[in-house]
Amino acid sequence: MIFETFFKLLCEGNTRITVHMKNDLVIEGNIQNVDQHLNIQLDDIDVKDNEINPYLLSVKKLLVRGNTISHISIPGDTGIDLDPIQEYGLKQLERAN
């Protein structure tokens, strides 16, 4: 829930993020929407390494399924307080130990 809330805040700012997929595809775009499964809707996308994925050159909007995402890179200047997310991660780590 905390991650969904965080990404919703990024949606409000139309923040440009980079999504790294499990199949090594890297997509950069403006985050438009996110749901509880962390499916992410991107607008104005740019696919890195177009030579490998030429079929995505004409795509401008994309819905990325949450379970195909390896990790997400966000810019450091979003203006969003990251402390609650870091605290949540530390609590989860403490529970695991």
Side-chain angles (χ1 to χ4, degrees):
M1 182 71 177
I2 192 164
F3 293 107
E4 179 186 0
T5 304
F6 172 73
F7 284 114
K8 290 278 186 188
L9 289 172
L10 290 177
C11 291
E12 291 174 5
N14 198 24
T15 305
R16 192 146 185 94
I17 64 170
T18 304
V19 178
H20 300 261
M21 312 278 289
K22 289 180 181 176
N23 65 355
D24 296 328
L25 183 63
V26 179
I27 302 169
E28 186 177 303
N30 298 327
I31 186 168
Q32 298 297 310
N33 200 1
V34 65
D35 66 10
Q36 70 271 15
H37 304 289
L38 295 182
N39 298 323
I40 297 177
Q41 182 181 355
L42 296 173
D43 190 19
D44 191 26
I45 69 162
D46 180 30
V47 179
K48 305 300 177 192
D49 207 2
N50 284 328
E51 295 81 31
I52 297 174
N53 304 296
Y55 54 89
L56 291 172
L57 284 172
S58 62
V59 177
K60 294 299 173 200
K61 293 185 178 189
L62 189 65
L63 177 66
V64 181
R65 189 171 169 164
N67 67 349
T68 64
I69 297 172
S70 171
H71 64 280
I72 298 171
S73 301
I74 58 171
D77 59 351
T78 60
I80 298 173
D81 184 19
L82 297 178
D83 289 338
I85 294 175
Q86 291 174 347
E87 289 173 14
Y88 177 78
L90 289 173
K91 285 179 186 176
Q92 292 295 331
L93 184 62
E94 289 173 1
R95 283 187 199 167
N97 292 332

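What's counted below: heavy atoms across the whole structure, side chains too, no hydrogens, waters or symmetry copies.
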> Val34 and Lys8: which non-hydrogen atoms are nearest, and at how many Å?
Replying inline: O-NZ, 2.9 Å
>> Can you tell me how far apart NE2 (His71) and CE (Met21) are? Round to the nearest 0.5 Å.
In response: 12.0 Å
> Under a single-linkage definition using a 4.5 Å side-chain heavy-atom cutoff for Ile, Leu, Val, Met, Phe, Trp and Tyr, are Ile69 and Leu38 assigned to the same hydrophobic cluster?
Replying inline: yes
> Taking C-beta and beyond as the side chain, do Leu25 and Leu56 meet within less than 4.5 Å on heavy atoms?
Replying inline: yes
> How long is the span from the CG atom in Asp44 to the CD1 atom in Ile31, to the nearest 0.5 Å?
Replying inline: 14.0 Å
> Side chains of Ile17 and Leu42: does their closest heavy-atom pair fall under 4.5 Å?
Replying inline: yes
> With a cut-off of 6.0 Å (strictly less than), are more than 12 heavy atoms of other residues, nucleotides or ligands near NZ of Lys61?
Replying inline: no
> Are any of the side-chain heavy atoms of Ser73 and His20 separated by less than 4.5 Å?
Replying inline: yes
> What is the distance from atom CG of Asp43 to atom SG of Cys11, rounded to the nearest 0.5 Å?
Replying inline: 11.5 Å
>> Measuring from atom CG of Leu57 to atom CD1 of Ile45, what distance do you get when rounded to the nearest 0.5 angstrom?
In response: 9.5 Å
> In terms of hydrophobic clustering (I, L, V, M, F, W, Y; side-chain heavy atoms under 4.5 Å; direct or indirect links), are Ile40 and Val26 co-clustered?
Replying inline: no
>> List the residues meeting side-chain contact (heavy atoms from CB on, under 4.5 Å) with Asn67, not counting sequence neighbours, and say none if there are none.
In response: Arg65
> When rounded to the nearest 0.5 angstrom, what is the spacing between CG in Asn33 and CG in Leu10?
Replying inline: 12.0 Å
>> Could you work out, with side-chain contact (heavy atoms from CB on, under 4.5 Å) as the rule, every residue matching Leu63, not counting sequence neighbours?
In response: Asn39, Gln41
> Can you tell me how far OG1 of Thr15 sits from CD of Gln32, rounded to the nearest 0.5 angstrom?
Replying inline: 10.0 Å
